Amino acid sequence: MTTAAESATSLVQSVDWLAIAPPLTAAAVALVVLVADLFVPEARKPLLGYGSVAGLVAALALIVPLHEGDRATFCLTTGSHACSYTADHFTLVIQALVLGGALLTALLSIGDTRKLPAGEFWFLLLSSAAGAALLPAARDLATLVIALEVASLPAFALVGIKRGDRRSSEAALKFFLSSVTATAVMLLGVSFVYAATGTLHLTDLAGRLDHVDPRLSTLAGAGVALTLVGFAFKTAAAPFHFWVPDTYVGAPLPIAAYLSVVGKAVGFSGLILVTVVAFPAYADVWGPALAVLAALTMTVGNVAALRQSASRARSAVRLLAWSSVAQAGYLLVPVAAAAYAGERRIGSTVAYALMYAVVNLGAFAVAALVARTHPGNRVDDYRGLYATRPLAALALAFFLLCLAGLPPGIIGLFAKVTVFSAAVDAGLGWLAVVMAVNVVIALYYYLRWTAVLFRGPSEEEAAEEPAPVVRHRVPAPLTAAIVLTAAAGVVLSGAPQTVLRFAGVNLF
């Protein structure tokens with residue numbers, strides 16, 4: 001007979017500190033930066049930014065010892081031995097993506113935060129990055145929701161951190177209300193699922209939803225549907241995308257870049273975990289639903305981007321925002337395909353997300369460079385950029401061609417091929433056709449912006465007396481962000497078969 005002492009001992013487990021090191025490091029550096037802000041004089045506030053960059057580099061470096069993908073911690077000691085935190089290959093790839101995205105955002109932000117409260121800014125950015133790094137490792141619904149909120153709540157404050165700016169405050173409010181609605185819907189769904197199954201662990205849910213009590217089947221189905229609706233908000237899938245353009249325009253430009261990449265990675269990581277790992281029993285429900293959402297999202301995003309006026313204030317950021325919505329539609333395709341062809345299709349979504357993260361952050365980096373001399377950030381402000389900043393113009397042209405899927409952006413082309421293949425192999429031919437039509441639509445606005453970079457001044461501008469050219473010093477971190485993203489894009493374009501191989505890897 002087991003004694004009480006022995007029973008208590010069996011519940012005690014050691015924590016695998018190395019497994020949780022990446023998100024833990026980001027969180028620890030966030031606290032250090034917040035406390036240091038109290039003692040660092042105003043003239044030395046930029047040191048907080050460089051310290052944040054060093055912390056993110058350290059968090060990224062701590063992923064390397066975990067490359068085997070065989071660690072887990074916070075596990076049940078009885079029954080199924082399910083774990084709440086798992087450092088598998090899916091976790092490590094997404095952690096590299098979100099921490100790398102946060103690092104590039106930090107590089108964009110150094111020198112662009114002079115009018116912002118430095119300590120609060122870096123604390124919020126690092127806190128959000130810690131939550132984003134925790135989420136792909138979460139293997140129970142409670143940890144998943146907590147990680148999602150830790151990633152989201154600081155992002156609300158970052159969007160509205162420009163004090164006294166009406167546009168920034170409005171964007172933060174819209175982002176906050178939409179996200180809180182999504183969280184409320186998702187929590188209701190999670191509670192229904194828990195009531196029907198009696199567990200929160202994803203691997204246990206997969207088995208119990210197959211044998212749920214018939215009297216609770218309606219409750220379980222409603223819970224699954226509501227949970228997916230909550231994540232549809234987080235991924236900016238249509239019709240839950242309405243907050244995206246205004247939020248991106250109102251936020252500081254580096255934060256818009258962060259939301260477009262890291263925020264999207266967080267939403268898709270959670271969506272993949274709940275669909276493929278927790279709810280495979282309901283694949284016949286979420287598979288068709290996500291396929292329809294994918295078609296609707298890419299169409300709405302591309303058509304809205306097509307309608308953007310080049311002379312409208314902040315039209316460059318709006319164009320990138322609507323492009324981000326369209327890209328979310330492409331990312332949804334392999335997740336929908338996983339319902340028909342198995343979880344191996346998830347590799348296509350992750351491969352596409354990695355490509356998108358690199359080139360989209362690069363595009364935002366060049367936009368941040370142009371915004372230093374043209375605060376309006378219109379597409380027309382990029383006219384003749386090649387004449388004044390040829391390297392920046394070539395880099396932006398490369399990023400836009402990658403997003404369009406045209407040479408020399410071979411990486412973008414092959415990433416789209418993996419998504420097409422996932423749809424076709426899963427028998428979703430109609431979705432592949434919709435995607436092909438949308439890719440053609442997107443070519444127009446990507447190529448139009450690319451052409452603007454190499455055009456000379458208009459007739460009216462040519463007739464006017466030319467203004468003296470004023471050279472503004474570009475901060476080294478901003479230059480580094482552009483160089484890093486461009487170099488990564490070129491390297492990946494030089495080895496496109498890597499994307500195809502990665503898309504076929506089973507990450508779970």
Side-chain angles (χ1 to χ4, degrees), residues 232 235-242 244-245 248 260-261 264-265 267-268 271 287-310 315-340 345 348-360 363 379 399-407 409-451 496 499 503:
T235 58
F240 313 112
H241 66 287
F242 52 86
V244 173
Y248 284 24
S260 73
V261 171
K264 192 172 267 55
F268 274 95
L271 183 65
L290 291 182
V292 171
L293 279 181
L296 182 62
T297 302
M298 65 178 75
T299 303
V300 168
N302 281 319
V303 171
L306 201 62
R307 297 178 62 249
Q308 297 304 306
S309 170
S315 56
V317 179
R318 284 190 178 275
L319 190 59
L320 288 172
W322 284 114
S323 166
S324 174
V325 173
Q327 300 290 341
Y330 303 147
L331 286 163
L332 278 170
V333 172
V335 184
Y340 303 89
R345 297 300 163 200
S348 297
T349 286
V350 178
Y352 195 96
L354 291 170
M355 179 282 301
Y356 168 75
V358 170
V359 298
N360 205 61
V379 172
F399 297 139
L400 294 174
L401 291 175
C402 283
L403 290 170
L406 291 176
I410 303 298
I411 181 63
L413 173 63
F414 273 69
K416 282 185 169 60
V417 167
T418 65
V419 174
F420 272 115
S421 299
V424 172
D425 292 346
L428 297 172
W430 67 270
L431 185 55
V433 171
V434 172
M435 183 178 173
V437 172
N438 274 278
V439 168
V440 173
I441 293 173
L443 288 178
Y444 176 76
Y445 62 82
Y446 284 131
L447 291 177
R448 181 179 62 180
W449 192 356
T450 304
V499 178

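It should be emphasised that the depicted structure is a prediction, and the values quoted were computed from it without experimental measurement. Numbers for residues simply follow the sequence, beginning at 1.
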Go through Leu320 and Tyr248 one step at a time and tell me if the side chain to side chain contact (heavy atoms under 4.5 Å, CB included) criterion holds. CA-CA 9 Å; Leu320 288 172; Tyr248 284 24; 5.8 Å; no
For Ala442 and Tyr330 the tightest heavy-atom approach is CB-OH, 4.4 Å
Residue pairs passing the side-chain hydrogen bond (donor to acceptor under 3.5 Å, both in side chains) test with at least one member in residues 410-419, sequence neighbours excluded, are Tyr352-Lys416
On a heavy-atom basis, the closest approach of Val434 and Ala295 is CG1-CB, 3.9 Å
Distance col, row Thr299:OG1 vs Asn438:CG, nearest 0.5 angstrom, shows 4.0 Å
Here the gap from Gln308 atom CD to Trp449 atom CH2, rounded to the nearest 0.5 Å, amounts to 11.0 Å
Inset, instruction - Verify, without hydrogens or angle tests, whether Ser315 (side chain) and Ala310 (backbone) share a donor-acceptor contact under 3.5 angstrom. - result: yes
#### Entry: Whether over 12 other heavy atoms sit under 6.0 Å from Phe242 CZ
yes
Do Ser348 side-chain atoms and Pro334 backbone N/O form a donor-acceptor pair below 3.5 Å?
no
Side-chain heavy-atom pair Leu332, Leu271 within 4.5 angstrom cut-off: yes
Begin from the C-alpha positions of Asn360 and Gln327 and carry the test side chain to side chain contact (heavy atoms under 4.5 Å, CB included) through to its verdict.
CA-CA 10 Å; Asn360 205 61; Gln327 300 290 341; 6.0 Å; no
d(Leu403 CG, Ile411 CD1) to nearest 0.5 Å is 11.5 Å
When rounded to the nearest 0.5 Å, the distance separating CG of Leu319 from CZ of Arg307 is 13.0 Å
Any donor-acceptor pair under 3.5 Å linking the side-chain atoms of Tyr340 with those of Asp425?
no
Closest non-hydrogen contact found for Arg318 with Pro245 is NH1-CB, 3.8 Å
Taken to the nearest 0.5 Å, the spacing of Tyr445 OH from Thr450 OG1 works out to 11.5 Å
To the nearest 0.5 Å, atom CZ of Arg345 lies from atom OG of Ser421 at 7.5 Å
Go through it in stages, so that I can follow the logic: the residues are Thr235 and Lys264, the test is side chain to side chain contact (heavy atoms under 4.5 Å, CB included), and I'd like the CA-CA distance, side-chain angles, deciding distance and then a yes or no. CA-CA 6 Å; Thr235 58; Lys264 192 172 267 55; 5.8 Å; no
In short, Cys402 meets Gly409 closest at the heavy-atom pair SG-CA, 3.4 Å
Start with the C-alpha distance between Leu401 and Tyr446, add both sets of side-chain angles, then the distance that settles side chain to side chain contact (heavy atoms under 4.5 Å, CB included), and finish with yes or no. CA-CA 7 Å; Leu401 291 175; Tyr446 284 131; over 6 Å; no
(message) Contact between Met355 and Phe414 at the side-chain level, heavy atoms closer than 4.5 Å - yes or no?
(response) no
On a heavy-atom basis, the closest approach of Ala238 and Leu293 is O-CD2, 2.9 Å
Correct closest heavy-atom pair for Val325 and Thr297 would be O-CG2, 3.1 Å
